[in-house]
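Each remark here refers to the structure printed beneath this line.
Residue numbers start from 1 in every chain, and the chains themselves are labelled A, B, ... in the order their sequence lines are given, proteins ahead of strands. Only this structure's heavy atoms are used, side chains among them; waters, hydrogens and symmetry mates stay out.
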Amino acid sequence: MPELPEVETVVRGLRLVLPGRRIVRVRLGAKRDFIDDPPSIERELPGTRVKAVTRHGKFLLVDLDRDGSGKNGEKIALLMHLGMTGQITVVPAEAPVAPHTHVFLELDDGRELRYTDIRRFGQMRILADGQRESVLPPGIDPLQASEEEFKRAITSRRARIKALLMDQNVFRGMGNIYTDESLWRAKIHPKRLGANLSDGEVRRLHRAVRGILEEAIRLRGSSVSDYVDSDGERGEFQLRHRVYQREGAKCFRCGSVIRREIVAGRSTFFCPHCQAAPRVRRKKAIRTTKRARRRV
DNA sequence: CTTACGGCCTGGGTGC
DNA sequence: TGCACCCAGGCCGTAA
């Protein structure tokens, strides 16, 4: 479920309630297979105080201070990823417990942070200070990248633009929904090679990606099925989707029928008229030419 | 280097 | 009503 706008919405919600709070107790459910080293969660978190909540692509980081032991400066972070169906909510401790809730962090104000995840594709682990570089994906943030950086990322590898946008080592935070929506807005076919995009197309895509992500954040993300924010509220950007899950419906721009194909291993929605397919090159002829050149 | 595919899990929708 | 099958906002490992 959660891509950059959804994670950003959760982070902003947590920022209103978590900083300054102390974690007093940790309870884990029986299904803890998705947690990396569950005992470390139970051992390290109690007694820590929340300093900040940040986002890194689709990862969410809760920065923690161990200030009880007199020695300040020992910093750890709780790293979380929502996978497909993860939810993080902060509720009064006595609130009814939703099914598939696997982690409870009791806070010093009578509330608790709960992690709920039907499919358990999410992740949770303790991050020691200095581990961030090696654990977090190195892709650039699509909201902060300049047009130059954006172009460099797109031309860095020979892959389809859809695969590039979704690769967390190239761009961090984009997923299936926002990739398709951005490509539709920029009028670029998902199978185009990133390296083949013209300067104008790169510029259009850069603007489309930022525009879509910013608008989605304003509308608090897309709630297609499971996503809710830290207050348990659904987002509204699903009402603005132009192609995602609209197979067979009419393109809002030209009226053509939206198609669905598998690209980069994922369901991909696009308008076959607005988003012109890449020209198929004749590989045989090209190879022969190269071989001939090499022989010379 | 790239893509395709299966697997991880659970649940919802569809068609017979 | 039951059941098989396909699908799902992510990501990893393997094979080709």
Identify every side-chain donor-acceptor pair in residues 244-252 of chain A under 3.5 Å, counting partners at least two apart or on other chains, and give the distances.
residue  : atom : partner  : partner atom : Å
A/Arg246 : NH1  : A/Arg242 : O            : 2.8
A/Arg246 : NH1  : A/Lys250 : O            : 3.1
A/Arg246 : NH2  : A/Lys250 : O            : 2.9

Q. Reading nucleotides 11-16 of chain C 5' to 3', which nucleotides get B (base under 4.0 Å from a protein heavy atom), which S (sugar-phosphate only), which -?
A. S-----
Within the sub-3.5 Å range, which N or O atoms of nucleotides 3-6 of chain B have a protein N or O partner, and how far apart are they?
residue : atom : partner  : partner atom : Å
B/dT3   : OP1  : A/Arg160 : N            : 3.3

Polar atom pairs between nucleotides 10-14 of chain B and protein, under 3.5 Å, N or O only, would you list them?
residue : atom : partner  : partner atom : Å
B/dT10  : OP1  : A/Lys31  : NZ           : 3.4
B/dT10  : OP1  : A/Arg120 : NH1          : 3.4
B/dG11  : OP1  : A/His100 : NE2          : 2.9

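Taking atom NZ of A/Lys162 as the reference point, atom C1' of C/dG10 lies 13 Å away to the nearest angstrom. Following rounding to the nearest Å, A/Phe34 (CZ) and B/dG7 (C1') show an atom-to-atom distance of 19 Å. Here the P atom of nucleotide C/dA8 and the CD1 atom of A/Ile177 are 11 Å apart, to the nearest Å. Spacing between atom CD1 of A/Ile35 and atom C1' of B/dC9 amounts to 15 Å, rounded to whole angstrom units. In this structure, CG of A/Asp117 is placed 9 Å from C1' of B/dC9, rounded to the nearest angstrom. To the nearest angstrom, C1' of C/dG10 lies 15 Å from CG of A/Leu60. The nearest whole Å value for the distance from the OH atom in A/Tyr115 to the P atom in B/dC9 is 14 Å. Per the geometry, CG belonging to A/Leu165 stands 16 Å off C1' belonging to B/dT2, to the nearest Å.
Residues meeting the side-chain hydrogen bond (donor to acceptor under 3.5 Å, both in side chains) test with A/Arg12, sequence neighbours left out: A/Glu8. Taking the side-chain hydrogen bond (donor to acceptor under 3.5 Å, both in side chains) definition, one finds that A/Arg260 meets it with A/Ser267, sequence neighbours left out. Residues passing the side-chain hydrogen bond (donor to acceptor under 3.5 Å, both in side chains) test with A/Gln168: none are found, sequence neighbours excluded. Checked against side-chain hydrogen bond (donor to acceptor under 3.5 Å, both in side chains), A/Glu112 has the following partners two or more places apart in sequence or in another chain: A/Arg27, A/Arg114.
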Q) Could you go step by step and tell me if A/Glu6 and A/Tyr178 meet the side-chain hydrogen bond (donor to acceptor under 3.5 Å, both in side chains) rule? A) CA-CA 11 Å; A/Glu6 288 76 32; A/Tyr178 297 104; 2.5 Å; yes
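With hydrogens and angles left out, the side-chain atoms of A/His102 and A/Thr116 include no donor and acceptor closer than 3.5 Å. With hydrogens and angles left out, the side-chain atoms of A/Asp117 and A/Thr85 include a donor and acceptor closer than 3.5 Å.
We find that A/Glu261 and A/Lys191 are joined by a salt bridge, their nearest charged nitrogen and carboxylate oxygen being less than 4.0 Å apart. Taking the charged nitrogens against the carboxylate oxygens, A/Lys58 and A/Glu3 have no contact shorter than 4.0 Å, which rules out a salt bridge.
Applying the salt bridge (Lys or Arg N to Asp or Glu O under 4.0 Å) test to pairs two or more places apart or on separate chains, those with a residue in residues 228-238 of chain A are A/Arg220-A/Asp229. Applying the ring pair (Phe, Tyr, Trp, His ring centres under 6.0 Å) rule to pairs touching residues 116-138 of chain A yields nothing, sequence neighbours excluded. Annotation: salt bridge (Lys or Arg N to Asp or Glu O under 4.0 Å) contacts involving residues 45-54 of chain A, sequence neighbours excluded, comprise A/Arg49-A/Asp67.
Comparing the same atom, C1', in B/dC9 and in C/dG2 gives a spacing of 23 Å after rounding to whole Å. The same atom, P, is picked in C/dC6 and in B/dC5; the two are 14 Å apart, to the nearest Å. Spacing between C/dC7 and B/dA4 at atom P, rounded to whole Å, works out to 16 Å.
Both A/Val53 and A/Tyr115 are assigned to one and the same hydrophobic cluster, defined by single-linkage of ILVMFWY side chains at heavy-atom distances under 4.5 Å.
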Q. Which dot-bracket notation, 5' to 3', represents the base pairing of DNA chain C when pairs are defined as Watson-Crick or G-U with both distances under 3.5 Å, crossing pairs as [ ], and inter-strand pairs as |?
A. .|||||||.|||||||
